[in-house]
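Here the structure is laid out as structure tokens; the discussion comes afterwards.
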Amino acid sequence: MTSHEAAPGKERMSRDFLAAVIARRFPKGWLVNLGVGMPTMVGGYVHPDQEIVFTSENGVIGYAGIASGADIDHDTVNAGVQFVTLQAGAAIVHHADSFALIRRGMNDVTVLGSYEVAQDGSFANWRTSKGEWDNLGGIGGAMDLAACAQQVWIMMEHTTRENGPRLLEHCTLPVTAPDGVTMVFTDLGVFSVRDGRFTLEEHAPGWTPDEIAALTGAPLEVSPTVTEVQFPT
Amino acid sequence: MTSHEAAPGKERMSRDFLAAVIARRFPKGWLVNLGVGMPTMVGGYVHPDQEIVFTSENGVIGYAGIASGADIDHDTVNAGVQFVTLQAGAAIVHHADSFALIRRGMNDVTVLGSYEVAQDGSFANWRTSKGEWDNLGGIGGAMDLAACAQQVWIMMEHTTRENGPRLLEHCTLPVTAPDGVTMVFTDLGVFSVRDGRFTLEEHAPGWTPDEIAALTGAPLEVSPTVTEVQFPT
Amino acid sequence: MARPIICSSMAEAVAGIPDGIQLLVPGFGPGTPANLLTALYDAGVKDMHVYANSVGLPQGASDGRKTLNDLIAARRVRKVTAAFTAPTHPSQASVPADMIRAGAMEAELVPQGTLAERVRAGGAGIPAFFTPAGVGTLTAQGKEHREFNGRMYVMEHAIFADYAFIRAWKADTLGNLIYRRSARNFNPIFAMGAAHTIVEVEEPIVPAGELDPDQIHTPGVVIERLVQIPADGYFREVPR
Amino acid sequence: MARPIICSSMAEAVAGIPDGIQLLVPGFGPGTPANLLTALYDAGVKDMHVYANSVGLPQGASDGRKTLNDLIAARRVRKVTAAFTAPTHPSQASVPADMIRAGAMEAELVPQGTLAERVRAGGAGIPAFFTPAGVGTLTAQGKEHREFNGRMYVMEHAIFADYAFIRAWKADTLGNLIYRRSARNFNPIFAMGAAHTIVEVEEPIVPAGELDPDQIHTPGVVIERLVQIPADGYFREVPR
């Protein structure tokens, strides 16, 4: 049973829709790190007037987008080892300088995928095992980014394949950071995370706050200004 | 009364003589840091076959010598802020990387001037006051270099202006490093520093070990192979 | 420290490397020293502790090059320190992860920025430092914590290895190196972080003085051996 | 973080800098931001804590430029952290040293490599680290010591200042910087080590995209203001 089947007749937002929603939320001039996987799609939806600088923890400051065909340069990849093109004015630094900038707080936001996010702002995205600590997993740069970026935005599906909640009171998986998440973007809506609470800011078209709350594993406040997510124009 | 007057009829070695003696002692391929002042002269006496690389703590790796006339580049200076020319194959790094290399132990030797050196390998070259610690002085990179270079060689006059000893049992001035000196080159001879003892390895032309010992403020062993200092050819 | 030896083959470049070494392996897709790794594989060196970003997800390459994954699968690596020791999702197959699970190889999982900074510290003569990365997670368990200015940090120790393998774009005869684009990644810091640094270089090695001193990414004074990748060598990385 | 503002004058570049700031001043002879320092002097900013290699030995320059020494002599600096706070020999005159001795200015004397690394740490989000430099000397007195692998180290704290003044050779409109020869010195690390980084640049500022991404020494993302040195500005440093 997929999450789409869980609510017959109700469409969830597509990944592209969500990527565009996230992209257009970046204030002008932000420095943005996009995590591996779904968040990579966000890069395709920013508007040039936003003057967004995408950084990648492997030392690329200012990439333009995913490269294809003749634009591919085998030496130029992002953190997901996808070929990318460079923005005019890009700069390359080595890994220690790249993480120096990250720890310094250079990134206005890092957009990361996740398995779980909790109302205290913690999230879990690097290990699906709940077993004893065996030094197995794939952290990459997520812990550095989560600890040091000005904000952490999570882009994820609202529920598991079994339709269980991913927005929780407490993470059940080992966390990537014990706090720091400020926004969560799921296929059901846009949520802020503040003072230990999830607040529904925007709901997916056709979905009511109550329907979303029913698929959420933590108390869900509803913003007094809650609106339907608009596809950015 | 100058030190030359102190021993009438006895010539001490000139600074240039001493610089040449030091320069020709560098084994092939050594990375050498020369301190501000007298040690700077050493650079003029190495032989090209020695393939010495001179480094300067302001980030110049591989300078050739002191620049003059049309060779002066206003952006290229050594640690003494003297204009220098670059060796073919020189590299420039920033100050943090320069001291990273220094702390890593890149320099086979640092040749430093000093006011005092003691038989335990300590030396004092940054502050002439014996008073209470008032944060006054000129350390520069000497403490980093002294703590981290493979060897510390001291180039200095054997005695003070008052003909008092500079080679001592214990430093009376605040030390630059509590140990590390392996060789001392003075206008009276060449001394090794090992196991808490000075040993005379070579004496200035015309000077006997006893005459030198009389101007030394610590017990002076004499090497069984002690020789007269030869001017390098 | 003498000038680097310019080797005429990859085999010569890895000659004499003993078993049991700590080895730094840079690369993030591009910038992986594939030719040196292949020569090391062929030389049979074993019982290594390898530091790398990832244990290497692909199961070998079709063109014959050997990856860290191959060295691990051949049981030549006793321990790995990496930011990726396993796929995040257990459904993805991984020989290294299976070996770690089975106790056939030791593993240390570290945040990527911490890995980079630990090697940078090692190459900079700094034995330990504090970082906020990983605080409150499994990776900081058992490590010393300390508060500075109201924030909690974890103390991390430097890494200074026996050997580093480096992949450069350009080099001169004194070992000065230039990297290209994101093939730079860990290379400049790993080049500083080992007692013996060996470099494979893509372009023909030029005489000293031909590279602009302002544009050199790694000063040659830390380089021990230098070898040009032969025409039939591995020039392009295998994208993951 | 927005793109840097390209200012049309030195006065504009230092406008709004409040009293009481911590200020990083690079330079080692070449690479000193003489034009910004002069504008800061003219702007009257006071009560500063300045971090620099040296308090500045020369007693001013004949061409009108102001140095750190001038700011100190004008009693605009409350504290200085430097590797040279006084000439080593008391026979040499020094206004800053006299002021420190008289209690008119606070001073912190640090090894040069420690100064560089403390600012590098500040710009790298590392609050503290250990170094061997200064152990067993007055400069390590009262600081925490610790042994690693049988050797003693002293713990040093990061410096992250309010402002940094930077002198660059080339820049583009996004603030990417290139330095020339030993004018680089402290500039790249000081550019990272402050909340507000202001740059004076020698060559005309070029459009973004004209500098090779592999050859940039300071990425523009840390730059707040950028100003080209005017034709009648100070282009050459006064040799000490």
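Note: hydrogens, waters and symmetry copies are ignored here, and every other heavy atom, side chains too, is used. We name chains A, B, ... by the order of the sequence lines, and we start the count at 1 in each one.
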| Of all the residues in residues 115-123 of chain C, which have a heavy atom that comes within less than 4.5 Å of a heavy atom in chain A? | C/A116, C/E117, C/R120
| By a 4.5 Å heavy-atom criterion (distance strictly below it), what part of A/D73 contacts chain C: side chain, backbone, both, or neither? | side chain
| field | Mutual orientation of the aromatic rings belonging to C/F186 and A/H95 [parallel < 30°, tilted 30-60°, perpendicular > 60°] | value | parallel
Side-chain donor-acceptor distances from residues 147-156 of chain C under 3.5 Å, at least two apart:
unit_1, atom_1, unit_2, atom_2, d
C/R151, NH2, A/A147, O, 2.5
C/E156, OE1, C/K143, NZ, 3.4
C/E156, OE2, C/K143, NZ, 3.0

| Is chain C contacted by the side chain of A/V175, its backbone, both, or neither, given a heavy-atom distance below 4.5 Å? | both
| field | Under 4.5 Å from any heavy atom of chain A - which part of C/E106 | value | neither
| chain C contact via A/D97 - side chain, backbone, both or neither, heavy atoms under 4.5 Å | neither
| query | C/A183, C/P111, C/P132, C/A97: which one forms the most heavy-atom pairs within less than 4.5 Å of chain A? | reply | C/P111
| said: Quick one: does any side-chain atom of A/D144 pair with a main-chain N or O of C/A133 as donor and acceptor, under 3.5 Å? | reply: no
| said: Is A/L145 close to chain C through its backbone or its side chain, or both, or neither, when contacts mean heavy atoms under 4.5 Å? | reply: neither
| note | Bottom line for A/T176: the part with an atom under 4.5 Å from chain C's heavy atoms is backbone
| said: Keeping A/T76 on the side-chain end and C/R181 on the backbone end, is there a donor-acceptor pair under 3.5 Å? | reply: no
| A/T128, A/V93, A/L136, A/N58: which one forms the most heavy-atom pairs within less than 4.5 Å of chain C? | A/L136
| Which atoms of A/A177 come close to chain C, meaning under 4.5 Å heavy atom to heavy atom: side chain ones, backbone ones, both, or neither? | backbone
| remark: So, the part of A/R103 with a heavy atom under 4.5 Å from chain C: the answer is side chain
| Should the heavy atoms of other residues, nucleotides or ligands under 6.0 Å from NE2 of A/H170 be counted, would the total exceed 12? | no
